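Worth saying up front: this structure is predicted, and the values here are computed from it rather than measured. Chain identifiers are assigned alphabetically (A, B, ...) following the order of the sequence lines, protein sequences preceding nucleic acid strands; residue numbering begins at 1 within each chain.
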There are 2 protein chains.
Amino acid sequence: MHRSKLAAALVDVPAEVFDREVTFWSGVLGREPEDVSENPEYRDFGQTVPGFQLMLQRVDDTPRVHLDIETDDIEAEVERLEALGAQRVRQVRSWWVMRDPAGLPFCVVRIQTGELFEEQATSWE
Amino acid sequence: MHRSKLAAALVDVPAEVFDREVTFWSGVLGREPEDVSENPEYRDFGQTVPGFQLMLQRVDDTPRVHLDIETDDIEAEVERLEALGAQRVRQVRSWWVMRDPAGLPFCVVRIQTGELFEEQATSWE
């Protein structure tokens with residue numbers, strides 16, 4: 001048995017618009033982002049809705065939004081999602097980048113929302 | 001004074017992968033989507049996190065994820081976001097499609113999350 005839930009949206013933008021984009025989304029949400037110490041390419045706006053984070057990420061690619069799914073067992077969740085039709089793209093540190101059937105990237109990550117994960121996650125047999 | 005908050009993520013995919021994508025995300029979340037009566041191009045997975053919806057939308061465009069911001073005053077919120085650097089793209093029924101400084105589309109919509117809007121929204125002077 002493992003659990004998972006939708007955890008975050010990531011706004012991925014290239015370096016040349018990253019600072020402007022951080023300022024914009026800070027204004028949208030009315031809150032300052034925090035750095036993510038081990039991942040300097042991120043800015044974390046925290047749980048803008050309880051149990052759901054918004055983050056910005058600096059990428060070497062065209063802008064996009066992607067979703068993160070958090071889980072207490074990454075390998076079990078990746079295998080569950082493969083069986084549903086997702087594909088593994090690459091492992092990055094503790095998480096997996098996958099693609100959904102339409103080709104959209106998303107990530108399977110460790111628990112990020114703390115006690116709200118316990119409240120909100122779905123259990124899979 | 002008006003209020004707004006992050007309300008939803010929309011997974012936008014073209015017609016040829018729409019049904020497969022609906023089935024995939026239904027499996028990811030472990031819940032069935034509902035039709036949206038006045039908008040047949042949508043499937044609504046509801047608030048997968050309390051106060052945050054996930055929906056799928058059939059589009060004539062390449063796949064993407066976009067975010068929705070809900071508000072009790074669409075014109076006031078659109079003007080606030082323009083002042084922060086967003087641009088109006090087009091009005092669709094009750095909502096506005098806008099672009100952020102990186103060119104990413106997002107929508108400003110009417111209140112969608114009911115009483116959780118009251119709890120979670122930020123007030124703007």
For this session: Could you check A/Leu67 against B/Val11 for side-chain contact (heavy atoms from CB on, under 4.5 Å), going step by step and ending with a plain yes or no?
Result: CA-CA 10 Å; A/Leu67 299 172; B/Val11 179; 4.3 Å; yes

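For A/Val13, the part sitting under 4.5 Å from any heavy atom of chain B is the side chain, from C-beta outward, and nothing else. Of the atoms belonging to B/Ala7, not a single heavy atom falls under 4.5 Å from chain A. Looking at B/Val65, the atoms closer than 4.5 Å to chain A (heavy atoms on both sides) sit in the backbone and in the side chain alike. Neither the backbone nor the side chain of B/Leu116 comes within less than 4.5 Å of any heavy atom of chain A. If you measure heavy-atom distances from B/Leu84 to chain A, the contacts under 4.5 Å come from both the backbone and the side chain.
Using cut-offs of 30° and 60° for the angle between ring planes, the B/Phe106 and A/Phe24 rings count as tilted.
Counting heavy-atom pairs closer than 4.5 Å to chain B, the top residue among A/Val49, A/Leu29, A/Val17 is A/Val49. No other option in B/Pro101, B/Gly51, B/Pro14 has as many heavy-atom pairs under 4.5 Å with chain A as B/Pro101. With chain B as the partner, the residue from A/Pro50, A/Gly103, A/Ala9 showing the most heavy-atom pairs under 4.5 Å is A/Pro50.
A continuous path of hydrophobic side-chain contacts links B/Leu6 to B/Ile74 [ILVMFWY only; heavy atoms under 4.5 Å]. B/Val109 and B/Val97 fall within a single hydrophobic cluster, where Ile, Leu, Val, Met, Phe, Trp and Tyr side chains are chained together by heavy-atom contacts under 4.5 Å. Residues B/Val36 and B/Leu10 share a hydrophobic cluster, clusters being chains of Ile/Leu/Val/Met/Phe/Trp/Tyr side chains in contact below 4.5 Å. Connection of A/Phe45 to A/Phe18 is established within a shared hydrophobic cluster, with ILVMFWY side chains joined at heavy-atom distances below 4.5 Å, either directly or through further cluster members. A continuous path of ILVMFWY side-chain contacts below 4.5 Å connects A/Val22 to A/Val28, so both sit in one hydrophobic cluster.
What you find for B/Pro63 and A/Ala102 is that their closest heavy atoms are CG-O, 3.6 Å.
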Please tabulate the donor-acceptor pairs under 3.5 angstrom that span chain B and chain A, backbone and side chains included.
unit_1, atom_1, unit_2, atom_2, d
B/Glu21, OE1, A/Ala102, N, 3.0
B/Trp25, NE1, A/Asp100, OD2, 3.2
B/Gly27, O, A/Arg80, NH1, 2.9
B/Val28, O, A/Arg80, NH2, 2.8
B/Arg80, NH1, A/Gly27, O, 2.9
B/Arg80, NH2, A/Val28, O, 2.8
B/Asp100, OD2, A/Trp25, NE1, 3.2
B/Ala102, N, A/Glu21, OE1, 3.0

